[in-house]
Amino acid sequence: MATNEKKDRQAETRRAARLMKRILIHFRSQMDEALRPQRVTTAQLQVLYAIRSEPGASGAQLARSCYVTPQSAQSLLKGLEEGGWIVRVKDKVNDRILVAQLTPSGEELIETAEKAARVIEKKVWKDVSDDAVGALNAVLEQCLENLELKS
């Protein structure tokens, strides 16, 4: 590849990364705004989704699933518990571990968030064809695989 072609590719790949980040920032900002009346953040919502998909997970496991520190996860869990969206009980095998469970209010909150997310997603994907979404997913999966490869 010629030097100019390398520079063009580098500029375009960096532009793609910046665009992805801007989309995520806007999406999260709009989700935070939609969730504000419920007094919950997107970070807390992410923990709720993790609890729903990993029933019986410990705080440390939830932290890993949500890409946050264990201390941050504990803070998020405390807020969710105080909000009445989860309850924490001792693990049946190891009573030193607390596991979180969704409450009916937590399930309702997830449903409310899903509705808000669908509205935002509709805006994001307006005028983008199914083929383009499929192609984008393939590219993003390849990029993720490249990052996860052990060198």
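None of the values given here were measured: they were computed from a predicted structure.
- Residues A100 and L77 approach most closely at CB-CD2, 4.2 Å, considering heavy atoms.
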Residues 10-25 side chain polar contacts: donor-acceptor under 3.5 Å, at least two apart:
{"residue": "T13", "atom": "OG1", "partner": "R9", "partner atom": "O", "Å": "3.1"}
{"residue": "T13", "atom": "OG1", "partner": "Q10", "partner atom": "O", "Å": "3.0"}

Verdict with supporting geometry, T41 and L35, side-chain contact (heavy atoms from CB on, under 4.5 Å)
CA-CA 7 Å; T41 66; L35 295 171; over 6 Å; no
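- Hydrophobic clustering (side-chain heavy atoms under 4.5 Å, transitive across Ile, Leu, Val, Met, Phe, Trp, Tyr) groups L140 together with F27.
- Under the rule for a side chain to side chain donor-acceptor pair (under 3.5 Å), N137 has no partner lying at least two apart in sequence or in another chain.
- No side-chain heavy atom of K115 sits under 4.5 Å from any side-chain heavy atom of T112.
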Sequence neighbours excluded and cut-off under 3.5 Å, please list the side-chain donor-acceptor pairs for residues 120-134, or say none.
{"residue": "K123", "atom": "NZ", "partner": "Q30", "partner atom": "OE1", "Å": "2.9"}
{"residue": "S129", "atom": "OG", "partner": "A132", "partner atom": "N", "Å": "3.0"}

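- Q44 CD to I86 CD1: the interatomic distance, rounded to the nearest 0.5 Å, is 9.5 Å.
- Residues forming a side-chain contact (heavy atoms from CB on, under 4.5 Å) with S58 (at least two apart in sequence, or on another chain): A60, Q61, I97.
- Of all heavy-atom pairs spanning V40 and L80, the tightest one is CG2-CD2, 4.4 Å.
- Under the rule for a side-chain contact (heavy atoms from CB on, under 4.5 Å), E108 has no partner lying at least two apart in sequence or in another chain.
- In this structure the side chain of M31 reaches within 4.5 angstrom of the side chain of L45, judged on heavy atoms.
- V68 is linked by a side-chain contact (heavy atoms from CB on, under 4.5 Å) to A63, C66, S72, A73, counting only residues two or more places apart in sequence or in another chain.
- Counting heavy atoms from C-beta on, the side chains of I110 and L102 come closer than 4.5 Å.
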| message | Could you go through R36 and E33, starting from their C-alpha distance and side-chain angles, then the distance that decides it, and tell me whether this counts as salt bridge (Lys or Arg N to Asp or Glu O under 4.0 Å)? | response | CA-CA 5 Å; R36 186 166 284 120; E33 188 64 34; 2.4 Å; yes
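- Here NZ of K6 is found 12.5 Å from CG of D8. Values are rounded to the nearest 0.5 Å.
- In this structure, T42 contributes its side chain and R28 its backbone to no donor-acceptor pair below 3.5 Å.
- The nearest pair of heavy atoms linking G84 to T103 is O-OG1, 2.6 Å.
- Residue L76 is not grouped with residue L98 when hydrophobic side chains (ILVMFWY) are merged at heavy-atom distances under 4.5 angstrom, including chains of intermediate members.
- When side chains are defined from C-beta on, R88 does not count as touching V99, because their heavy atoms never get closer than 4.5 Å.
- E54 and Y49 are not linked by any side-chain donor-acceptor pair at a separation below 3.5 angstrom, with hydrogens and angles left out of the test.
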